[in-house]
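Here the structure is laid out as structure tokens; the discussion comes afterwards.
One-based numbering, in listed order, for ligands and for the atoms of each. Just the heavy atoms: all of them, side chains too, but no hydrogens, waters or symmetry mates, feed the values below. Each residue takes its place number in the sequence, starting with 1.
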Amino acid sequence: IEDKWEGFFLSAIEVRGLCPIKGEITVQGSKNAVLPMMAGAVLNNGITVINNVPRIQDVFCMMGILDSLGCSCVLDGHSLTIDAAGLSRFSIPKAEMEKMRSSIMLLGALLGRCKEAEVYYPGGCMIGKRPIDLHLMALEKMGARIREGQGDEPLRASVPRLRGTVVDFPFPSVGATENAIFAAVAASGKTVLNGCAKEPEIVELCRFMNNMGASVRGVGGDVLVIEGGLPLHDSEFTVGGDRIAGGTYLLAAAGAGGEILLTGTGSQGLKTVTSVLKQMGAAVFEEEELIYLKAAGRLSAASIKTGPYPGFPTDLQSVMMAVMSRARGISTIEEKIFESRFKTANELQKLGAEIVIEEDIAKIQGRPLLKGCEVNAWDLRGGAALVAAGLMAEGTTIIQSCEYIMRGYEDICRDLSGMGACIRYME
Ligand code: EPZ
């Protein structure tokens with residue numbers, strides 16, 4: 001994997017604050033859409049091409065896992081070709097599973113293709129316990145026999161034939177919905193998924209599966225009806241822009257002050273975020289495929305609560321916390337998705353932010369000025385939040401452990417410096 005990772009080994013990012021952001025950006029392809037698509041490609045015994053793939057660590061990691069299973073992945077620029085005809089293994093090493101959460105998508109895909117799978121508990125950002133009970137519930141309802149391993153033992157799943165059924169999700173888990181879609185596409189008969197996640201990334205995944213020959217109906221809603229067992233075929237698909245990366249840049253520009261024209265990701269997926277930014281005093285203009293934002297000086301405080309789509313996206317919670325750190329007044333954030341996603345508050349406090357956490361609520365007393373210093377990224381989106389905070393702070397901010405950021409942002413320094421920010425990697 002490392003030799004596919006083009007960057008030199010990065011250790012930190014240096015940001016000099018208070019440079020106004022001004023420019024246009026077409027945001028990278030969506031990480032959280034392309035990773036499940038790569039798993040879904042396993043269901044087709046042939047070639048699947050995905051275009052506009054971001055060159056990020058998690059994509060290289062997923063390529064490595066697919067290669068280790070006997071597939072062959074080639075990323076030429078931003079075009080990924082997956083040949084899954086050579087799939088010959090259904091067991092994924094523990095070390096690979098622990099690199100990122102989306103490795104668990106292969107459980108449903110391998111069950112669908114090979115009728116068995118051996119995986120381990122997935123890794124990923126430490127933002128909560130992140131169990132997989134809903135994934136297992138859905139797969140067992142479709143007939144999978146699952147034996148969870150003890151200690152170093154893998155989780156073993158097998159099924160003579162996945163059969164269509166009705167699955168009721170008590171919570172719209174994104175990953176569990178994705179695993180259930182893969183199994184349902186391969187199962188014999190019809191599956192109805194009730195209460196499933198309807199994030200834009202799920203909509204893209206359904207379109208990707210239908211483009212491969214599947215029949216997923218109800219796309220965009222919380223009930224999906226899937227006709228399983230249809231023959232799948234080679235296909236080519238272009239993934240849309242990353243709404244979380246796009247939202248990150250919008251929030252960074254709003255916090256630091258400036259002007260940004262964001263293209264490449266539909267504005268619909270960021271409606272909740274742009275409506276809060278308008279309340280805070282930013283000028284926002286939206287069309288279907290672009291968002292223009294202009295902000296100057298200090299914004300006003302706001303209150304948000306994260307939730308499943310179309311609620312405020314938990315992935316932009318930390319970045320919003322950074323923006324609120326300099327807003328006028330007291331803001332609040334209720335984090336209702338991940339129970340440990342406030343870790344970045346400690347780092348923001350080093351920059352002078354005044355934040356009090358009580359259970360799942362953060363109260364932020366906006367300060368007129370933040371002062372740059374050395375901080376540490378603890379997870380992907382928390383790292384992005386520290387970059388945004390650095391842009392808003394007086395002086396220089398150094399963000400250590402920036403490899404977390406590389407997992408999800410193709411080149412955050414390229415993107416932001418292209419819009420006037422003073423930001424660079426340090427070796
Ligand atoms: C996906 O994670 C995203 N990752 C996350 O983005 C995102 O934050 C999350 O969805 C919510 O939108 C990818 O798509 C690769 P969930 P996922 O299953 O699938 C609980 C980023 O920064 N839960 O919807 O893991 C879980 O503990 C990442 O790009 C169960 O209890 O999210 C959490 O509290 C971070 N049992 C909540 O549901 C289960 O079986 C949401 O999890 C599954 C989940």
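Look at Asp58 and Arg407 and you find a salt bridge, because one of the NZ, NE, NH1 or NH2 atoms lies within 4.0 Å of a carboxylate O, short of that distance. Under 4.0 Å is where a charged nitrogen must lie from a carboxylate oxygen, and between Glu116 and Arg156 no such pair does. A salt bridge links Asp315 with Arg341: the closest approach of a Lys/Arg side-chain nitrogen to an acidic carboxylate oxygen falls below 4.0 angstrom.
Proximity of Met137 to ligand 1, defined as any heavy-atom pair under 4.0 Å, is not found for any part of the residue. Here Tyr309 has no heavy atoms under 4.0 Å from ligand 1, in either its backbone or its side chain. The proximity of Lys336 to ligand 1, defined as any non-hydrogen pair under 4.0 Å, does not occur for either the backbone or the side chain. Of the heavy atoms in Leu380, only side-chain atoms (C-beta onward) come closer than 4.0 Å to ligand 1. Both the backbone and the side chain of Arg130 come within 4.0 Å of ligand 1, judged by heavy-atom distances. Of the heavy atoms in Asp58, none comes closer than 4.0 Å to ligand 1. With a 4.0 Å cut-off on non-hydrogen atoms, Arg381 touches ligand 1 through its side chain and not its backbone. At a heavy-atom cutoff of 4.0 Å, ligand 1 is contacted by both the backbone and the side chain of Leu134. At a heavy-atom cutoff of 4.0 Å, ligand 1 is contacted by both the backbone and the side chain of Pro131.
Side-chain atoms of Ser72 and Asp83 include no donor-acceptor pair closer than 3.5 Å.
By the 4.0 Å heavy-atom criterion, Arg341 is counted among the residues contacting ligand 1. By the 4.0 Å heavy-atom criterion, Thr314 is counted among the residues contacting ligand 1.
With atom 32 (O) of ligand 1 as the reference point, the heavy atom nearest to it among Phe338, Phe169, Tyr404 is part of Phe338.
In this structure, the separation between SG on Cys373 and CD on Glu347 is 8.0 Å, given to the nearest 0.5 Å.
In terms of modelled atom types and a separation under 3.5 Å, the side chain of Thr191 and the main chain of Ile226 share no donor-acceptor contact. A distance-only check finds no donor-acceptor pair linking the side chain of Ser267 to the backbone of Glu286 [under 3.5 Å]. A donor-acceptor contact shorter than 3.5 Å is absent between the side chain of Glu14 and the backbone of Arg424. Between the side chain of Gln317 and the backbone N or O of Phe342, no donor-acceptor pair lies under 3.5 Å.
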| task | Report the C-alpha distance between Thr48 and Ser235 in whole Å, list the side-chain angles of each, state the deciding distance to 0.1 Å, and finish with yes or no for side chain to side chain donor-acceptor pair (under 3.5 Å). | result | CA-CA 5 Å; Thr48 302; Ser235 66; 4.5 Å; no
| message | Using side chain to side chain contact (heavy atoms under 4.5 Å, CB included), reason through Tyr120 and Glu98 one step at a time and then give a plain yes or no. | response | CA-CA 8 Å; Tyr120 290 85; Glu98 291 182 336; 5.5 Å; no
| query | Taking it one step at a time, do Met62 and Leu106 satisfy side chain to side chain contact (heavy atoms under 4.5 Å, CB included)? | reply | CA-CA 10 Å; Met62 185 65 97; Leu106 285 161; 3.9 Å; yes
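Counting only heavy atoms of the protein, atom 6 (O) of ligand 1 lies nearest to Asp315 OD2, 3.0 Å. Ranking protein heavy atoms by distance to atom 18 (O) of ligand 1, first place goes to Ser173 OG, 2.7 Å. The nearest protein atom to atom 36 (N) of ligand 1, hydrogens excluded, is given as Asp133 OD1, 2.6 Å; this is a heavy-atom distance. Among protein heavy atoms, atom 3 (C) of ligand 1 sits closest to Asn32 ND2, 3.7 Å. From the protein, the heavy atom lying nearest to atom 16 (P) of ligand 1 is Val174 N, 3.6 Å.
Polar contact check, Ser102 against ligand 1: no nitrogen or oxygen pair lies under 3.5 Å apart. Taking any N or O of Ile127, backbone or side chain, none lies under 3.5 Å from an N or O belonging to ligand 1. For Gly175, a nitrogen or oxygen atom sits less than 3.5 Å from a nitrogen or oxygen atom of ligand 1, counting backbone and side chain alike. Between Glu178 and ligand 1, a contact under 3.5 Å exists for no N or O pair.
The contact set between ligand 1 and Ile337, taken as ligand atoms under 4.0 Å from a residue heavy atom, comprises 33 (C), 34 (O), 37 (C), 41 (C). In summary, the atoms of ligand 1 found under 4.0 Å from a heavy atom of Lys31, numbered by their order in the structure, are 21 (C), 29 (O). Shown in contact with Arg101 at under 4.0 Å from a heavy atom are these atoms of ligand 1, numbered in order with element: 25 (O), 43 (C). Within the listing of ligand 1, atoms 37 (C), 38 (O), 41 (C) sit less than 4.0 angstrom from a heavy atom of Phe171.
A 6.0 Å sphere centred on OH of Tyr404 holds no more than 12 heavy atoms belonging to other residues, nucleotides or ligands. Taking a 6.0 Å sphere around NZ of Lys363, one finds it holds 12 or fewer heavy atoms contributed by other residues, nucleotides or ligands.
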Scan the side chains in residues 204-212 for donor-acceptor partners under 3.5 Å anywhere in the protein, sequence neighbours excluded, and list what turns up.
from	atom 1	to	atom 2	distance (Å)
Glu204	OE1	Gly240	N	2.9
Glu204	OE2	Gly240	N	3.3
Asn210	OD1	Val216	N	2.7
Asn210	ND2	Val216	O	3.0
Asn211	ND2	Glu236	O	2.8

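For atom 39 (C) of ligand 1, a protein heavy-atom neighbour is found at a distance under 4.0 Å.
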